[in-house]
Amino acid sequence: MVINSCGGAIGMDALVFPSNERSRCINAENPSGDKGKAAMSSSQLGVARKGTPCLKNIAPGSQTVLADIKGSGIIRHIWMTVTDSTSSTGPNVLRNLILECYWDGENSPSVCSPLGDFFCCGHAQACRVESMPMAVYPNRGFNCFFPMPFHSEARIILRNEHNEAIPAFFYQIDYDDVDDLPTQVMTFHAQWRRQKITQLANDYTILDGVSGTGSYVGTYLALTTLESRWWGEGEIKIYLDGDGKYPTWCSTGCEDYFGGAWSFAAHDADGKMVEQTYCGTYMGFPFRSSNLNSKRQSEYWDTSSPVMRGLYRWHIPDPIHFNHDIRVTVQQIGVDENGYFERQDDIASVAYWYQCEPHDPFADEVMQVTERDRRPR
């Protein structure tokens with residue numbers, strides 16, 4: 001049996017022990033999560049017959065409180081789904097809905113990310129994801145299993161930065177109400193960034209401005225390659241606890257970091273090299289496309305695009321611990337017939353980590369991202 005540092009069982013072993021935690025869920029049928037208060041509203045079928053399955057007509061520019069929980073607890077599972085397009089002029093729903101989480105009365109969010117990117121579906125396009133903490137089935141059933149503890153309060157907000165109203169938004173937040181949490185329990189954080197054209201020979205920043213004690217637990221990368229030939233020679237570099245010019249931790253290349261090798265290469269029936277996508281428990285390459293969202297098809301405009309890729313890596317069996325600060329970057333280095341070369345590409349990312357509160361507020365450029373910044377190419 002596996003025992004954690006606090007003396008309790010973890011993983012599936014924990015299922016065999018009784019618990020004094022109280023299971024609750026929040027959704028449109030029970031927005032407060034109160035005991036014995038779910039499924040009360042009416043439909044044409046009668047009382048308590050699927051009366052309020054979703055939120056409707058979420059206005060542009062509005063903020064919707066999805067959860068406002070008082071006391072101590074742990075969010076165990078989040079499920080959400082929404083259309084990816086509201087019209088031919090509103091195709092980027094998954095980039096324009098912003099998910100924010102606030103823990104323990106803080107005014108600065110600990111999670112701030114476009115909805116799709118948070119669930120490893122960048123480029124405003126959904127895909128199937130099969131991993132331990134994130135799963136998307138079959139293409140827009142968004143699931144997150146990262147535990148999200150809070151000591152006194154949890155607020156989850158959905159910001160609609162889309163150009164049109166969202167006709168229906170479905171969600172469920174499953175959590176345990178607990179009497180108390182140890183003071184050393186860390187809270188969950190996630191931060192989205194994007195650089196539409198990276199600077200030559202200047203590493204892209206995945207995470208910066210973090211101080212305190214914590215553990216880095218994951219990276220999602222939404223990459224649009226703007227140059228030809230192989231793109232994935234750049235190393236992921238993690239600077240820990242006062243590192244200067246050089247990091248303590250680095251990978252041997254980008255595709256290596258995401259668990260692959262040899263350019264993800266396979267060959268089709270004609271002998272042409274093709275990249276293989278894959279999903280694994282802790283690492284994956286679930287998305288590759290050179291076409292815009294299918295809702296953007298047009299008889300007038302070409303919908304082909306530079307190749308877009310989505311990749312994830314979870315540091316769950318191998319978290320990267322920091323005691324004072326952390327910074328995470330990735331190089332833009334490619335290779336062609338003449339060897340390595342510096343590249344410029346379009347990169348968006350989500351960094352996932354746990355740390356003790358309070359956290360440093362996210363930088364203005366992270367929080368004040370314009371619609372054009374979020375828009376895929």
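One distance of note links CG of Asp68 with OG of Ser32; it measures 10.0 Å at 0.5 Å rounding. In this structure, CG on Asp325 lies 10.0 Å from OG1 on Thr213, to the nearest 0.5 angstrom. One distance of note links CD of Glu342 with CG of Asn202; it measures 9.5 Å at 0.5 Å rounding. To the nearest 0.5 Å, atoms NE2 (His321) and OH (Tyr354) are separated by 13.0 Å. Separation of atoms CZ (Phe145) and CD1 (Ile316) is listed at 11.5 Å; rounding is to 0.5 Å. In this structure, CD in Glu161 is found 14.5 Å from CZ in Arg95, a value given to the nearest 0.5 Å.
Residues Phe287 and Tyr137 do not share a hydrophobic cluster, defined by chaining ILVMFWY side chains whose heavy atoms lie under 4.5 Å apart. In the hydrophobic clustering of this structure, Phe264 groups with Val335; members are Ile, Leu, Val, Met, Phe, Trp, Tyr whose side-chain heavy atoms approach within less than 4.5 Å, directly or through other members. Under the 4.5 Å side-chain contact rule for hydrophobic residues, Val307 and Leu221 do not share a cluster. Hydrophobic clustering, with ILVMFWY side chains joined whenever heavy atoms are under 4.5 angstrom apart, keeps Tyr239 apart from Ile206. Residues Met283 and Val350 do not share a hydrophobic cluster, defined by chaining ILVMFWY side chains whose heavy atoms lie under 4.5 Å apart.
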Show your reasoning for whether side-chain contact (heavy atoms from CB on, under 4.5 Å) applies to Gln195 and Ile347. CA-CA 6 Å; Gln195 194 170 1; Ile347 304 182; 5.6 Å; no
Stepwise ring pair (Phe, Tyr, Trp, His ring centres under 6.0 Å) test for Phe146 and Trp314: CA-CA 11 Å; Phe146 273 117; Trp314 308 125; 5.5 Å; yes
Run the side-chain contact (heavy atoms from CB on, under 4.5 Å) check on Gln344 and Thr198 step by step: do they pass? CA-CA 5 Å; Gln344 291 179 279; Thr198 57; 4.0 Å; yes
For Leu207 and Thr219: C-alpha separation, side-chain torsions, deciding distance, then whether side-chain contact (heavy atoms from CB on, under 4.5 Å) applies. CA-CA 10 Å; Leu207 181 64; Thr219 307; over 6 Å; no
Please determine whether side-chain contact (heavy atoms from CB on, under 4.5 Å) holds for the pair Arg313 and Asp318, giving the CA-CA distance in whole Å, both sets of side-chain angles, and the decisive distance to 0.1 Å. CA-CA 11 Å; Arg313 168 71 156 92; Asp318 58 340; 2.9 Å; yes
Yes or no on side-chain hydrogen bond (donor to acceptor under 3.5 Å, both in side chains) for Arg193 and Gln191, after CA distance, side-chain angles and deciding distance? CA-CA 7 Å; Arg193 291 172 178 250; Gln191 182 187 108; 2.7 Å; yes
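Minimum heavy-atom separation, Gly260 to Tyr278: N-OH, 3.3 Å. Looking at every heavy atom in both residues, Gly244 comes nearest to Arg327 through O-NH2, 4.1 Å. The two residues Ile156 and Cys101 have their closest heavy-atom pair at CG1-SG, 3.9 Å. Of all non-hydrogen atoms in Gln332 and Asp345, the two that sit nearest each other are OE1-OD2, 2.9 Å. A pairwise comparison of heavy atoms in Trp353 and Phe322 identifies CD1-CZ, 4.0 Å as the closest pair. Scanning both residues, Cys120 and Cys127, for their nearest heavy atoms gives O-SG, 3.9 Å.
Looking at Lys237 and Gln331, their side chains come closer than 4.5 Å, going by heavy atoms from C-beta outward. By the 4.5 Å heavy-atom criterion applied to side chains, Pro109 and Tyr102 are counted as neighbours. Counting heavy atoms from C-beta outward, Trp230 and Arg343 have side chains that stay 4.5 Å or more apart. Annotation: side chain of Leu55 is in contact with side chain of Tyr171 (closest heavy-atom distance under 4.5 Å). Here the side chains of Cys121 and Met134 are not in contact, with every heavy-atom distance at 4.5 Å or above. The side-chain heavy atoms of Phe150 and Ile69, taken from C-beta on, include a pair separated by under 4.5 Å. The closest side-chain heavy-atom distance from Val111 to Phe188 is below 4.5 Å. Between Tyr175 and Arg76 the shortest side-chain heavy-atom distance does not fall below 4.5 Å.
For Tyr220, there are no ring pair (Phe, Tyr, Trp, His ring centres under 6.0 Å) partners at least two apart in sequence or on another chain. Not a single ring pair (Phe, Tyr, Trp, His ring centres under 6.0 Å) links His151 to another residue, sequence neighbours left out. Partners of Tyr282 under the ring pair (Phe, Tyr, Trp, His ring centres under 6.0 Å) rule, at least two apart in sequence or in another chain, do not exist in this structure. Here Glu153 pairs with Lys70 under the salt bridge (Lys or Arg N to Asp or Glu O under 4.0 Å) rule; sequence neighbours left out.
Of the possible donor and acceptor atoms, one in the side chain of Ser251 sits under 3.5 Å from a partner among the backbone N and O of Ile236. At least one donor-acceptor pair under 3.5 Å links the side chain of Ser85 to the backbone N or O of Ser87. Between the Ser290 side chain and the Ser304 main chain, no donor and acceptor come within less than 3.5 Å of each other. In this structure, Asp241 contributes its side chain and Asn323 its backbone to a donor-acceptor pair below 3.5 Å. Here the side chain of His189 pairs a donor or acceptor atom with the backbone of Thr187 at under 3.5 angstrom. At distances below 3.5 Å, at least one donor-acceptor pair connects side-chain atoms of Ser43 with backbone N or O atoms of Arg49. Asp360 places a side-chain N or O within 3.5 Å of a backbone atom of Ser211 that can act as its donor or acceptor partner. In this structure a side-chain-to-backbone donor-acceptor pair under 3.5 Å is present from Tyr352 to Phe118. A donor-acceptor distance shorter than 3.5 angstrom exists from the side chain of His162 to the backbone of Gly90, with no hydrogens or angles considered. Judged by distance alone, with hydrogens and angles left aside, the side-chain atoms of Arg24 form no donor-acceptor pair with the main-chain N or O of Asp34 at under 3.5 Å.
The local environment of OH in Tyr340 is sparse, with at most 12 non-hydrogen atoms from other residues, nucleotides or ligands closer than 6.0 Å. Counting non-hydrogen atoms of other residues, nucleotides and ligands closer than 6.0 Å to CD of Gln199 gives a total of 12 or fewer.
Side-chain contact, Thr89 with Glu164: a donor N or O sits under 3.5 Å from an acceptor N or O. Under 3.5 Å, the side chains of Glu275 and Ser263 contain no donor-acceptor pair of N or O atoms. The closest side-chain donor-acceptor pair between Thr225 and Arg309 falls under 3.5 angstrom.
In this structure, Arg22 pairs ionically with Asp179, as a charged nitrogen and a carboxylate oxygen lie closer than 4.0 Å. Salt-bridge check for Arg229 with Glu337: passed, with a basic side-chain N closer than 4.0 Å to an acidic carboxylate O.
Hydrophobic cluster membership for Val274: none, as no Ile, Leu, Val, Met, Phe, Trp or Tyr side chain comes under 4.5 Å of it. The other residues sharing a hydrophobic cluster with Phe170 are Trp79, where clustering joins ILVMFWY side chains under 4.5 Å apart.
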